[in-house]
J.: 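I'd like to ask you about the structure that follows.
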Amino acid sequence: QVQLVESGGGLVQPGGSLRLSCAASGSIFSIVSMGWYRQAPGKQRELVAAITSGSSTNYAESVKGRFTISRDNAKNTVYLQMNSLKPEDTAVYYCNLKTRDSYWPFKEYDYWGQGTQVTVSS
């Protein structure tokens, strides 16, 4: 089955940067998108950024201009470059992979990484 392994989290000061990576392995045939979600203490999980198989990107309004999502198709790896980090970015970040069947009704499947802690604090 598909497995997602995340790395790159840690502690950083406000204004600093971190780069998260997520490598997908297993039998992956039809990727819809790869992305990152996060969940802060006491808050619901939210989409941070995603990139589709067609290379379209989507960002949460709160991270636009600061975060950049990218991928390496050959490695099935997605990255999240996080710059100008703020304390409110503190959360557990989860990698997400969406795949779909190659036939009608093109059912979609979700896979999740284990989560990596990002803490922004002075």
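Here the structure is a predicted model, which means the values were calculated and not measured.
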J.: Can you list every disulfide (SG to SG under 2.5 Å) pair that touches residues 76-122, not counting sequence neighbours?
T.: Cys22-Cys95
J.: Could you pull out all residues at least two apart from Phe67 that satisfy ring pair (Phe, Tyr, Trp, His ring centres under 6.0 Å)?
T.: none
J.: Between Thr116, Val120, Val118, which is the residue that forms a side-chain contact (heavy atoms from CB on, under 4.5 Å) with Leu18?
T.: Val118
J.: Filter on salt bridge (Lys or Arg N to Asp or Glu O under 4.0 Å), then keep only pairs touching residues 69-78, sequence neighbours left out; what's left?
T.: none
J.: Are Pro87 and Pro14 close enough that some pair of their side-chain heavy atoms sits under 4.5 Å apart?
T.: yes
J.: For Gln117, which residues count as a side-chain contact (heavy atoms from CB on, under 4.5 Å) partner, sequence neighbours excluded?
T.: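 Expected list: Thr90, Val92, Thr119.
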J.: Determine whether Ser17 and Gln81 make a side-chain contact, defined as any pair of heavy atoms from C-beta on separated by less than 4.5 Å.
T.: yes
J.: Determine, using the 4.5 Å side-chain heavy-atom cutoff (strictly less than), whether Leu85 and Tyr59 are members of one ILVMFWY cluster.
T.: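 Yes.
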J.: Does Ile28 have any side-chain contact (heavy atoms from CB on, under 4.5 Å) partners at least two apart in sequence or in another chain, and if so, which?
T.: Val2, Ala24, Ile31, Asn76, Leu97, Thr99
J.: Roughly how far apart are Arg100 CZ and Glu108 CD, rounded to 0.5 Å?
T.: 8.5 Å
J.: Evaluate whether atom CZ of Arg66 has more than 12 neighbouring non-hydrogen atoms of other residues, nucleotides or ligands under 6.0 angstrom away.
T.: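 Yes, CZ of Arg66 has more than 12 neighbouring heavy atoms, counting only those of other groups under 6.0 Å.
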J.: Using the disulfide (SG to SG under 2.5 Å) rule, collect all pairs that involve residues 25-64, keeping only residues at least two apart or in two chains.
T.: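 Sorted result for residues 25-64: empty, none.
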J.: May I have all residue pairs that pass disulfide (SG to SG under 2.5 Å) and include part of residues 36-67, sequence neighbours excluded?
T.: none
J.: Is there a side-chain contact between Tyr37 and Val48, using heavy atoms and a 4.5 Å cut-off?
T.: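 Sidechains of Val48 and Tyr37: no contact.
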J.: Could I get the full list of salt bridge (Lys or Arg N to Asp or Glu O under 4.0 Å) partners for Glu88, not counting sequence neighbours?
T.: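 If we apply the salt bridge (Lys or Arg N to Asp or Glu O under 4.0 Å) test to Glu88, skipping adjacent residues, there are no hits.
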J.: What pairs meet the salt bridge (Lys or Arg N to Asp or Glu O under 4.0 Å) rule with one or both residues in residues 24-50, with sequence neighbours excluded?
T.: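 Qualifying pairs: Arg38-Glu46, Arg38-Asp89.
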J.: Test: salt bridge (Lys or Arg N to Asp or Glu O under 4.0 Å). Region: residues 17-30. Which pairs qualify, not counting sequence neighbours?
T.: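 Every pair satisfying salt bridge (Lys or Arg N to Asp or Glu O under 4.0 Å) with a residue in residues 17-30: there are none.
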J.: Is there side-chain contact between Tyr111 and Asn96, with at least one heavy-atom pair below 4.5 Å?
T.: no
J.: Under the side-chain contact (heavy atoms from CB on, under 4.5 Å) rule, collect the residues that match up with Asp101, sequence neighbours excluded.
T.: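 Here the qualifying residues are Tyr103, Lys107, Tyr109.
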J.: Decide whether Leu47 and Trp112 are clustered together by the hydrophobic rule: side chain heavy atoms of Ile, Leu, Val, Met, Phe, Trp, Tyr closer than 4.5 Å, transitively.
T.: yes
J.: I'd like to check the side-chain contact (heavy atoms from CB on, under 4.5 Å) partners of Gln114; sequence neighbours left out, ordered by chain and number.
T.: Glu6
J.: Answer whether the closest heavy-atom distance between the side chains of Tyr79 and Ile69 falls below 4.5 Å.
T.: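 When only atoms from C-beta onward are counted, Ile69 and Tyr79 do not touch, as no gap falls below 4.5 Å.
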J.: Taking a hydrophobic cluster as the set of Ile, Leu, Val, Met, Phe, Trp and Tyr residues connected by side-chain heavy atoms closer than 4.5 Å, whether directly or through intermediates, do Met34 and Val32 fall within one such cluster?
T.: no
J.: Quick one: are Ser102 and Ser30 in side-chain contact, heavy atoms under 4.5 Å?
T.: no
J.: Evaluate the side-chain hydrogen bond (donor to acceptor under 3.5 Å, both in side chains) criterion for residues Ser21 and Ser7: first the C-alpha distance (whole Å), next the side-chain angles of each, then the deciding distance (0.1 Å), finally the verdict.
T.: CA-CA 5 Å; Ser21 64; Ser7 62; 2.7 Å; yes
J.: I'd like to know if Leu80 and Ile51 are part of one continuous hydrophobic network [Ile/Leu/Val/Met/Phe/Trp/Tyr, side-chain heavy atoms within less than 4.5 Å].
T.: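 Yes: a chain of side-chain contacts under 4.5 Å links Ile51 to Leu80.
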